[in-house]
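Owing to the predicted nature of the structure, the values given are computational and were not obtained by experimental measurement.
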Amino acid sequence: MHTMVDKHADAVVHAKVAVGLPTPKVSAKDVNVYYGEKRALQDVSVDIPDRGVMAFIGPSGCGKSTFLRCINRMNDTIPICRVTGKITIDDRDIYDPKLDVVQLRARVGMVFQKPNPFPKSIYENVAYGPRIHGLSHSKADLDEIVQSSLEKAGLWNEVKDRLNDSGTGMSGGQQQRLCIARAIAVNPEVILMDEPCSALDPIATARIEELIEQLRKNFCIIIVTHSMQQAARVSQRTAFFHLGSLVEEGVTTEIFTNPKDKRTQDYITGRFG
Amino acid sequence: MTDISASYAAPTRRVDVTSPAAQARIRARYRREKRFKLYGLVALSLAAVFVVVLIGDVLSRGLPAFWQYSLVLDVPVDAAAVSSDGKVDEASIRAADYYPLTRAALEAVFPGELTRSAQKQLVRLVSSDAAQPLRDKLVADPALVGTTVKTRLILSANSDLYYKGSGTPISSREMRGIATPSGTSGDITILTSANDFADVLVELKQRISEQAKALRAEADRLELFAGDSITAKVKALRDEAAKLQQRVDQPKVEEKLDNKMPSLLVAIDGGLVKINTLSDVSARGTVLLPLQSTADAKPGTWKLVTYETPESNRKVSDQEVAFLERLKELNHVERSFNWTFLTAGDSREPELAGIRGALVGTALTLLITLVLCLPIGVMAAIYLEEFARKGRLTDLIEVNINNLAAVPSIVFGLLGLAVFLNFFGMPRSAPLVGGITLGLLVLPTIIIAARAALKAVPPSIKEAALGVGASHQQAIFHHVLPLAMPGIMTGTIIGMAHALGETAPLLMIGMIAFIVDVPHGFTDAATVLPVQIYLWSDLPEVAFKSKTAAAIIVLLMFLFVMNGAAIWLRKRFERRW
């Protein structure tokens, strides 16, 4: 219950700050994505504020995951995918050819739909990112990063005695929290979550949502979800996508109580989707 | 919305599970499933039977070759025989001629006068390099020179085979009369007081009668065909049959024995006499083992011995059988593990031939193949699968890799001959060239297997690595490659097993040569196991038949060890995801 109260309080704060969003963390302008000849996203423009949760909702195939994957240039791995328009993080164009995509992904972490821990130990899963980015200088340093990441992900107490066990031997919910710990171990500025709870049961989902609630104080979180209840519970701002275009974007309570667009209203009331 | 409500309307067609037609359908389905299971079971048991037959056959033929009979004799080692310029050192021991020593030791076992031919046959019982163990002993301990050394002598292949059971059944019967031999050596006559030989003579005549009958039958059979040459042949057969019949018809007349009949021998006074001419009361023959005296032999102390297999049908003569049987009686024969087979190189003489050369050659060749193929194959697979821009060029390369995997292996041999030997001038018959040539053969297999293994790694693992900021290369080498490793290992082992069994390309680059020395390096002349098997299977000596089977066993063991190593490696690398 207390989360509901919190959320309302935060929403009010955000509503004040977000007027015109003077300092957006992530900003997209006229983003178009093509898969070969097919246009998957049409002229998407949105500002995403720092600190807080932004939810992308919409029916399947509407382009919300595609847009999410544009933010850390994950779409680069798909050979036929082409992105036009401009996406900036802290006013820096992330599609600038001079920008190093690996550096970008260190700043923009990602959690995937299906928990995908590395088939290594729990410790190694979390330590991998800091190690390749040179964030630690000693074993003790690394141990500390691993511990604090697991603590932030709410997993430390469950796994502290079996850090050398396989990361794939845990339950689905634990695996997903391990993936979140792995993402936050490199201390990113933005965390992208692509339907992080779709493969989990309601109890594990609740734990992840609690975790998101904690994390939003320190990170800019963007979450794609199919569940409107989840969007309403965890996010402060919501964007509704439909057929490849951004239909409506705004404060979550506004979107859910007073949608401006007919399509948004139809979707949130369950007319389609 | 209206479609949804329509789909709830009562269906007009429903499966009637109780109808006879439905029951029949169910029975038919069960029958089909049962039949399918049966096919599988039959196929599986057929395959199992074939495997068992194959392995059983190879084992039954090859295992005897791992055991070897040898003579154990006391050999007096005369210092003069193993010295050069009056000095005895390792070189002189190695260079010495041991033939006189072995000959003397053998003759000491058979006291008395031997004919020249018997002496020759006695020496031929042992291998041409019979004193090899003695030489090794002397080299290890030169203090033995001048003493009498108890040592093994390697038997010749024929003697070895005789002890392994390819000789003749031997029977003997005791005689009733008192026998008097006329001498101790050479051709002698044995007279007996009773008509001991009468029964034997009757049996002999019976056998001759059977032979005559067989000849007549053969003549009758041939008569059915016309032709001058056949007519002549029929006449010859009939004449021979008539001659034999004549012998049979004169019961009391003495009989000559030939090598087409079982051999009859008389064991008397510590010697052995082979009967040439037989009558009721006397036998004339040749002494095979000298008699100790010409004393009269009392009833029961002398025997008639029969070697059932006619001499012409055996590898060993009566004289040799006599020697070998006597050596066995005197406990000079020993059966031991045939280390020579595992430690020696190839040889023209079966008892000295070993597979060490081929084994080392195989190991060196496969090492070259592995060192060449695994890195290149895996790198090529990674590049093609993960980094290369997909396009017409990569398609072309992929098609060609698949084609190369199907090219007949002899073509690679020709390529090796033309390029490595003729153009680059690499050494002939060398494991280096063999390894590179086999490498060409194996490379496509490894690339295809490695690509499949890389493709089988879930993309989510790569995405996870990219998501935490690993570069493409880091994601591949830290996460994808380790997960693909078991598959790559399996593919590599299949490729290496393929290379292990390959003969054709190696023939082209000269690895079929007869090579006695064990290779010491990658450029020494060498041969490999399958080629060695092929070479041995072609040789006429009977003893090489079991060597061939034994070499096949070794090849299979090599394969098992290789596969075992692969499975162990795979288990080590294998992780769930």
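Applying the ring-ring contact (aromatic ring centres under 6.0 Å, His included) rule to B:Phe412 yields no partners; only residues at least two apart in sequence or on another chain are considered. The salt bridge (charged side-chain N to carboxylate O under 4.0 Å, His left out) test applied to A:Glu158 returns A:Arg177, A:Arg207, not counting sequence neighbours.
Residues of residues 465-473 of chain B that come within less than 4.5 angstrom of chain A, heavy atom to heavy atom, are B:Ala465, B:Leu466, B:Gly467, B:Val468, B:Gly469, B:Ala470, B:Ser471 in numerical order. For residues 88-102 of chain A, the interface with chain B (any heavy-atom pair closer than 4.5 Å) comprises A:Val102, sorted by residue number.
With a 4.5 Å cut-off on non-hydrogen atoms, A:Val108 touches chain B through its backbone but not through its side chain. With a threshold of 4.5 angstrom between heavy atoms, A:Arg69 approaches chain B through side-chain atoms but not through N, CA, C or O.
Counting non-hydrogen atoms of other residues, nucleotides and ligands closer than 6.0 Å to OH of B:Tyr383 gives a total of 12 or fewer. Heavy-atom neighbours of B:Tyr30 OH from other residues, nucleotides or ligands within 6.0 Å: at or below the threshold of 12. Dense packing is recorded around CZ of B:Arg29, with more than 12 heavy atoms of other residues, nucleotides or ligands lying under 6.0 Å away.
Remark: the backbone N or O of B:Ser460 is paired with a side-chain donor or acceptor of A:Asn116 at under 3.5 angstrom.
The minimum heavy-atom distance between B:Ala464 and A:Phe118, with the atom names listed, is CB-CE2, 3.7 Å. Listed here is the closest heavy atom pair of A:Pro119 and B:Ile461: CD-CD1, 3.8 Å.
Salt bridge absent: B:Glu463 and A:Lys114 never bring a charged side-chain N and a carboxylate O closer than 4.0 Å.
Ring-centre distance between B:His479 and A:Tyr128: below the 6.0 Å cut-off.
In terms of heavy-atom pairs under 4.5 Å with chain A, the best-connected choice from B:Lys390, B:Gln474, B:His478 is B:His478.
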